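This report refers to the structure that appears directly beneath it.
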Amino acid sequence: MVTFAITGAQARAARLGFCAVLCLAVMSCGGGDGGGASGGSSSGGGTTTGSNVVSVVVDAGPLPTTNAATNTLFTTVTVCVPGSTTNCQTIDHIQVDTGSYGLRILSSVLTLALPVQTASNGEAIVECTQFVDGYSWGPVALADMQISGESASSIPIQVIGDPNYATVPSDCSSIGPAEDTVAQFGANGIIGIGPFAQDCGPNCAAAVIPATYYTCTASACQGTELAQTFQVTNPITFFATDNNGVIIQLPSVAASGAATVTGSMTFGIDTQTNNKSGSQTVLTLAGSAGGSAGQLPGELTTNFNGGILNESFLDTGSNGLYFNSSLTTCVESGLTDFYCPSSTENLTATLEGQNGMSTSVAFSVAPADTLAAADAAFSNLAGPYPDAQDTQTFDWGLPFFYGRTVFTAIESAATAVGTGPYVAF
Amino acid sequence: MIDLKLSALASAMLIAGFAPGIAYATLGEPEASVQADVAQLNGSIQVTDRSGYRLHEIQLSSGTLVREFVGPDAKVFAIAWKGPTIPNLRQTLGSYFDNYVTAAKANHLGHTRLQIQQSDLVVQAGGHMRAFSGRAYLPQAVPSGVSVGDLH
């Protein structure tokens with residue numbers, strides 16, 4: 001995800017121009033590996049600890065020199081061959097994504113031989129995972145997974161880019177470019193912990209959907225229906241008790257950016273003393289069947305600048321705030337899909353759930369060409385949303401999560417304040 | 001402009017009776033390319049006349065709605081989609097697909113945004129797992145009087 005590619009000269013200029021603030025930002029955000037808030041400016045209420053809490057970090061990613069990441073949230077997971085406590089591997093720079101569902105690991109970083117899930121005819125189950133910008137192809141394997149003190153046994157995960165399954169079906173590659181390497185993917189893997197359980201869900205169980213699941217022999221693949229039990233699934237749903245959702249807590253980020261941001265991801269909502277719902281506003285999301293105003297699963301409404309954006313979403317996997325407005329875009333090569341107002345714009349919007357509850361959100365848009373290229377985290381990076389629905393969407397990416405504690409409850413899962421799918425903050 | 005005045009139902013029946021095999025229309029190609037094998041799609045198709053263009057709507061089995069826009073010259077000038085899956089873009093973009101892939105790699109904006117702005121091809125797509133939307137159109141082929149804002 002080289003979403004913030006700046007040419008060498010521009011990067012150097014940006015670093016020079018912002019060295020002073022950059023260094024301050026590094027000092028205020030650096031250090032601390034236990035999920036701390038920086039500079040006491042977080043509204044998240046300080047450090048959360050416990051056996052259901054794992055550290056998350058925003059940094060330059062797994063390839064900092066060649067593919068530096070921007071506003072990308074990572075964590076570390078351990079996977080084991082099912083049933084083994086020794087045949088295990090701990091993998092860092094797994095992207096934390098509330099916009100997808102399931103654990104996926106790039107084959108090139110995986111040293112374990114995980115068993116591939118097979119269909120009743122004995123053939124391997126292989127998945128074509130769709131992203132807006134391309135596809136990831138690879139088998140569905142079974143693994144035991146540990147993250148913090150949580151564990152899940154023999155869960156279906158995807159191994160992306162497995163050379164044993166090198167032939168990509170035509171209808172899968174018809175999505176767009178392949179994203180089967182760490183450089184293409186932007187992470188060593190991804191842990192999809194959004195508000196749904198399966199990556200496809202009932203659609204793929206009921207019919208053969210092109211460019212989703214396949215059964216493959218050594219030489220050929222064909223599309224298949226796949227029961228939800230066998231689909232790649234949000235790993236949280238397998239945890240013994242903390243299985244109804246997740247809380248992501250990140251500190252605020254200085255306006256000038258930060259090289260590193262460390263926060264926490266807490267599993268479960270209202271299942272332990274450290275994950276209780278408070279006075280957060282609960283905004284329910286469109287469910288698997290969609291919303292009442294044509295929304296797709298997971299969407300809510302944003303009221304912004306006089307418009308009603310019914311197809312909005314919160315997504316740690318988006319690295320900016322993306323929405324259409326009259327703000328000018330940057331002219332510099334590599335930045336033309338970001339905003340460059342003449343000075344920082346301070347704006348507000350109102351988020352509204354399917355349940356009619358709403359809350360106001362303030363945010364800032366800085367000129368993207370003034371942000372230090374050496375940094376990885378920016379609270380004020382924004383750009384236009386490629387809105388094919390014409391101003392129906394506000395994509396609240398990772399900047400939204402800075403300085404907040406955001407609850408995400410999984411569809412049909414109950415908490416003390418409601419039933420998912422919802423977000424609360 | 002478009003002199004065929006068929007009800008959506010009649011159009012669907014007419015098109016379903018055409019030769020099977022092509023699931024989608026193709027960008028820049030004649031309207032005949034929209035002849036769909038509805039059975040193969042496991043979906044349904046509707047055709048309606050709009051001001052300045054004719055709209056073909058194909059409901060895919062995944063739940064995704066594909067819209068194909070045909071101009072007065074009887075050629076497809078735009079494709080739009082919305083739903084849980086991305087449609088087959090090799091088929092819908094036709095001769096523009098390779099260009100699309102090359103441009104998507106060159107302007108990599110992450111897993112949730114895609115923007116290609118060329119003189120002869122515009123592709124805009126966004127979303128995330130289970131929720132995708134996008135469109136591709138030929139800016140020079142958009143009929144006069146048709147707003148790009150209507151192409152969704």
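Atom set for the values below is all heavy atoms of this structure, side chains included, hydrogens, waters and symmetry mates excluded. Order of the sequence lines fixes the chain letters, A, B, ..., with proteins taken first and strands second; residue numbering starts at 1 for each chain. This structure is a prediction, so every number in the text was calculated from the model and none was measured.
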For chain A, the option from B/Gly83, B/Ala136, B/Ala104, B/Pro84 that forms the most heavy-atom pairs under 4.5 Å = B/Gly83
Side chain to side chain, B/His111 and A/Phe185, heavy atoms closer than 4.5 Å = yes
Given a strict heavy-atom distance threshold of 4.5 Å, which part of A/Cys204 is in contact with chain B: side chain, backbone, both, or neither?
-> neither
The interface call for A/Asp315 against chain B, heavy-atom contacts under 4.5 Å, is side chain
What are the two closest non-hydrogen atoms of B/His128 and A/Pro297, and how far apart are they?
-> CE1-O, 4.2 Å
Taken to the nearest 0.5 Å, the spacing of B/Thr85 OG1 from A/Ile175 CD1 works out to 7.0 Å
Please tell me if the side chains of A/Gln392 and B/His152 come closer than 4.5 Å, counting only heavy atoms from C-beta onward.
-> no
When rounded to the nearest 0.5 angstrom, what distance separates NZ in B/Lys105 from CD in A/Glu179?
-> 10.5 Å
Between B/Ala125 and A/Pro386, what is the shortest heavy-atom contact and its length?
-> O-CG, 3.3 Å
Is any side-chain heavy atom of B/Gln91 less than 4.5 Å from a side-chain heavy atom of A/Ser174?
-> no
Please report the shortest heavy-atom distance between B/Met129 and A/Thr129, naming the atom on each side.
-> CE-CG2, 3.7 Å
Heavy-atom closest pair (B/Ala131 atom, A/Glu299 atom, distance to 0.1 Å) is CB-OE2, 4.1 Å
Could you tell me which non-hydrogen atom of B/Ile86 sits nearest to which non-hydrogen atom of A/Val132, and how far apart they are?
-> CD1-CA, 4.2 Å
Begin from the C-alpha positions of A/Gln198 and B/Arg130 and carry the test side-chain contact (heavy atoms from CB on, under 4.5 Å) through to its verdict.
-> CA-CA 10 Å; A/Gln198 294 83 17; B/Arg130 287 192 179 201; 4.1 Å; yes
What heavy-atom pair brings A/Pro384 and B/Arg113 nearest, and what distance separates the two atoms?
-> O-NH1, 2.8 Å
Side chain A/Asn203, main chain B/Ser62, donor-acceptor under 3.5 Å | yes
Can you say whether A/Phe313 sits under 4.5 Å from chain B via the side chain, the backbone, both, or neither, judging by heavy atoms?
-> side chain
Given the options B/Val123, B/Leu114, B/Asn107, B/Thr102, which has more heavy-atom pairs under 4.5 Å with chain A than any of the others?
-> B/Leu114
Pick from A/Asp97, A/Leu296, A/Thr336, A/Asp395 with the largest number of heavy-atom pairs that fall under 4.5 Å of chain B = A/Leu296
Cut-off 4.5 Å, heavy atoms of chain B, and the answer for A/Tyr135 is neither
